Amino acid sequence: MTYKPTSDFLHVLQTRGFVADCTDLEGLDEALKTGVVTGYIGYDLTASSLHIGNLVQIMTLRWLQKTGHRPITLMGGGTTKVGDPSGKDEMRRMLTDETIAEHAAGIRRVFERYLTYGDGPTDALMPNNADWLDQLGYISFLRDIGRHFTINRMMAFESVKSRLDREQAMSFIEFNYMLLQSYDYLELNRRYGTVLQMGGSDQWGNIVSGTDLIRRMGAGEAFGLTTPLVTRADGKKMGKSADGAIWLNDDMMSSYDCWQWWRNVADADVAKFLKLFTELEVAECERLGALEGAEINEAKIRLANEVTTLCRGTAAAEAAAATAREVFEKGGVGDDLPTVTLNPTDLGDAGISIVQLLVKSGLAGSGKEAKRLIAEGGARLDDRPVTDAGTMVPGASIAGTVKLSAGKKRHALVKL
């Protein structure tokens with residue numbers, strides 16, 4: 001990218017590695033220098049929390065607000081009923097209106113950590129596209145909006161083309177998603193003067209279609225900006241681990257587990273993740289990322305503290321860090337370890353098997369995985385190795401709380 005933007009927002013994004021593509025980088029740069037720009041990112045409500053794969057977009061909105069502009073976090077109450085085919089291999093299951101509303105409430109908790117909502121000129125807004133999509137008359141929508149889209153162009157976009165190339169089914173309702181997302185942009189433009197839509201690189205086709213629709217409808221200039229797909233040093237996508245998604249809400253994942261994930265990133269990811277997911281100066285991010293040996297561990301602790309503070313608050317970050325010190329430096333248990341409480345009905349006459357405990361604690365995803373962990377010497381009970389998958393843990397032991405470990409980095413407490 002040869003153009004060097006001078007607006008605060010784009011300068012921050014470019015120097016920290018947030019920019020993949022833009023429909024008109026120079027035009028957007030000028031608009032950002034001229035006045036307050038309203039920009040949005042849409043989120044479908046498929047779960048009650050976002051995960052760390054969404055953090056790049058969340059930080060993009062945070063930087064938009066911090067540099068004097070207005071972010072919109074659009075809740076996809078309407079589009080969630082349809083399903084975005086981008087990056088998907090199969091059709092999405094249909095959710096009830098009640099479940100979608102519950103998910104919206106959970107996701108709002110994430111954003112309230114990162115953005116300031118209110119009525120001021122740069123305060124964030126959180127509309128729901130169900131407010132207009134649920135009211136659409138199908139024939140009128142096809143006549144007024146659908147005529148601006150050609151099947152030829154829609155078939156050429158990667159989100160559609162890749163599904164068809166893999167011979168994966170795509171329902172007609174999913175095929176309409178591009179029209180609905182484009183209409184969202186038009187509606188936000190009319191209601192709030194929104195002139196910027198942002199999203200991950202897999203959203204490029206939908207975003208470009210939205211800017212085209214605004215132009216075709218005579219609504220003025222509009223821009224699209226995408227962020228790159230962020231992968232870890234091992235090539236895997238952000239947001240997932242061997243044990244599932246790394247959730248941002250504390251009711252979906254403990255602050256300790258969240259902190260630990262960032263503490264255990266690969267050395268090669270430290271500088272990149274500090275630039276993307278914290279607000280430390282770029283030079284400091286690069287200095288920390290260049291450390292080697294034992295010193296890089298201090299950089300990872302800094303990363304874990306900074307991200308967890310933004311996501312969960314200072315108290316949660318400090319508690320997680322204190323527990324990590326207690327567990328790893330002193331061999332204790334700490335106050336912030338994930339804790340599983342069993343009912344007496346979970347115990348038999350002889351107690352409960354170590355395999356069941358590993359599964360109930362979340363340290364193993366199944367009995368088979370727990371047995372493999374034991375066979376490979378990775379399971380410990382109160383820091384003592386467990387070598388027999390048939391081991392039973394008496395109820396009296398659990399009444400006093402036991403510490404379970406899977407490998408050197410994953411721990412949990414179990415009590416009655």
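Positions are given from 1, in the same order as the sequence printed here. Quick caveat, the model's predicted, so the values are computed rather than measured.
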Charged N to carboxylate O under 4.0 angstrom, [X] versus [Y]?
X    : Y    : result
E221 : R215 : no
R287 : E284 : yes
E298 : R302 : no
D8   : K33  : no

If we ignore hydrogens and angles and just use 3.5 Å, is the side chain of [X] paired with the main-chain N or O of [Y] as donor and acceptor?
X    : Y    : value
K272 : R232 : no
N264 : Q260 : yes
H69  : L64  : no
Y185 : V195 : yes
D184 : N129 : no
R380 : A406 : no
D269 : A233 : yes
D134 : D131 : no
T226 : D21  : yes
Q65  : T116 : yes

Spacing of [atom1] belonging to [X] relative to [atom2] belonging to [Y], to within rounding of 0.5 Å:
X    : Y    : atom1 : atom2 : answer
I41  : L61  : CD1   : CG    : 3.5 Å
E187 : L136 : CD    : CG    : 8.0 Å
F223 : T194 : CZ    : OG1   : 13.0 Å
D123 : L115 : CG    : CG    : 10.0 Å
L196 : T38  : CG    : OG1   : 9.5 Å
N249 : S49  : CG    : OG    : 3.5 Å

Please find the pair of heavy atoms, one from [X] and one from [Y], that lie closest to each other, and give the distance.
X    : Y    : value
C258 : R312 : CB-NH2, 4.0 Å
L188 : P127 : CD2-CG, 3.9 Å
T80  : L95  : CG2-CD1, 4.0 Å
F18  : P228 : O-CD, 3.1 Å
L280 : C285 : O-SG, 3.6 Å
T6   : D29  : N-OD2, 3.1 Å

Would you call the rings of F273 and W261 parallel, tilted or perpendicular, where under 30° means parallel and over 60° means perpendicular?
-> parallel
Within 6.0 Å of CD in E281, more than 12 heavy atoms from elsewhere | no
Check whether any side-chain heavy atom of [X] lies under 4.5 Å from a side-chain heavy atom of [Y], and answer yes or no.
X    : Y    : value
N54  : H51  : yes
R113 : C311 : no
L358 : I374 : yes
E306 : E279 : no
M126 : I72  : no
M59  : L310 : yes
I52  : L55  : yes
F9   : K66  : no

(message) Under the criterion side-chain contact (heavy atoms from CB on, under 4.5 Å), I'd like the reasoning laid out for W63 against R16: C-alpha separation, chi angles, the key distance, then a yes or no.
(response) CA-CA 11 Å; W63 282 116; R16 300 184 82 96; 3.9 Å; yes
Strictly by modelled atom types, are D44 and Y177 linked by a side-chain donor-acceptor pair under 3.5 Å?
yes
Check: For Q203 and Q181, does a side-chain donor sit closer than 3.5 Å to a side-chain acceptor?
Finding: yes
task: Dump the intermediate steps for side-chain contact (heavy atoms from CB on, under 4.5 Å) on L186 and I145, then the final yes or no.
output: CA-CA 10 Å; L186 177 65; I145 304 300; 4.0 Å; yes
| task | Determine, stepwise, if the pair F277 / V56 fulfils side-chain contact (heavy atoms from CB on, under 4.5 Å). | result | CA-CA 7 Å; F277 305 120; V56 171; 3.6 Å; yes
Checking Y114, Y43, Y40, Y117 against T73 for side chain to side chain donor-acceptor pair (under 3.5 Å), the one that qualifies is Y117
Per side chain to side chain contact (heavy atoms under 4.5 Å, CB included), S48 is matched among E102, M252, R109 by M252
Only residue of T309, I301, V307 satisfying side chain to side chain contact (heavy atoms under 4.5 Å, CB included) with W259 is I301
Chi angles and distances behind the side chain to side chain donor-acceptor pair (under 3.5 Å) call for Q57, T227 = CA-CA 7 Å; Q57 279 75 51; T227 57; 2.5 Å; yes
With side chain to side chain donor-acceptor pair (under 3.5 Å) as the criterion, how do D250 and S255 come out once you've worked through the C-alpha distance, each side chain's angles and the decisive distance to 0.1 Å? CA-CA 6 Å; D250 53 11; S255 294; 5.4 Å; no
ask   = Going through the checks in order, is the side-chain contact (heavy atoms from CB on, under 4.5 Å) test met by L248 and I58?
value = CA-CA 11 Å; L248 299 181; I58 295 172; 3.7 Å; yes
Evaluate the criterion side chain to side chain donor-acceptor pair (under 3.5 Å) for residue pair R70 and T122; output intermediate values, then yes/no. CA-CA 4 Å; R70 182 169 65 164; T122 64; over 6 Å; no
